[in-house]
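All figures in this text were calculated on a predicted structure; none of them were measured in a lab. Along the sequence shown, residues carry numbers from 1.
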Amino acid sequence: MNKESKQFLKSNPNRKPVSFAYVRVSTDKQESAPQVDAIRNYCNNKNLILLDENIFVDNNVSGYKIYWKDRKINDIIDKAQPHDHIVVF
């Protein structure tokens with residue numbers, strides 16, 4: 001565990017780790033719902049906390065044409081704290 005993580009846990013001893021979900025579909029012919037359901041099931045099976053507000057979906061976003069910082073995954077990286085979980089489908 002790095003120094004920053006230890007400091008965070010020391011200053012927030014009662015905070016439980018939460019999970020963030022990231023789903024990306026490339027075309028309008030794909031649906032994000034099955035991917036979101038799979039992530040919800042994974043989190044439930046692993047006893048991870050996943051709130052609706054922590055599910056981020058990029059619809060119609062190319063995996064190679066759009067810079068990652070311009071996608072919703074960047075929002076997750078900004079919000080996640082040490083020991084949180086990021087689940088990507």
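- Looking at I49, L48, N54 one by one, the single match for side chain to side chain contact (heavy atoms under 4.5 Å, CB included) with C43 turns out to be L48.
- In this structure D84 satisfies the side-chain hydrogen bond (donor to acceptor under 3.5 Å, both in side chains) test together with R15, sequence neighbours excluded.
- Looking at V36 and F89, their side chains never come closer than 4.5 Å, going by heavy atoms from C-beta outward.
- Criterion: ILVMFWY side-chain heavy atoms under 4.5 Å apart, direct or through other members. Under it, V87 and Y22 are not part of a common hydrophobic cluster.
- Within the 4.5 Å cutoff, no side-chain heavy atoms of V23 are placed close to those of I55.
- P17 and H83 get closest at one heavy-atom pair: CB-O, 3.0 Å.
- In terms of hydrophobic clustering, with Ile, Leu, Val, Met, Phe, Trp and Tyr side chains grouped at heavy-atom distances under 4.5 Å, V18 and F56 are assigned to a common cluster.
- Among residues two or more places apart in sequence or in another chain, the side-chain hydrogen bond (donor to acceptor under 3.5 Å, both in side chains) test is passed with D78 by none.
- Counting only residues at least two apart or on different chains, the side chain to side chain donor-acceptor pair (under 3.5 Å) pairs with a member in residues 33-47 are R40-D52.
- Residues I86 and I39 are members of separate hydrophobic clusters, defined by side-chain heavy-atom contacts under 4.5 angstrom among Ile, Leu, Val, Met, Phe, Trp and Tyr.
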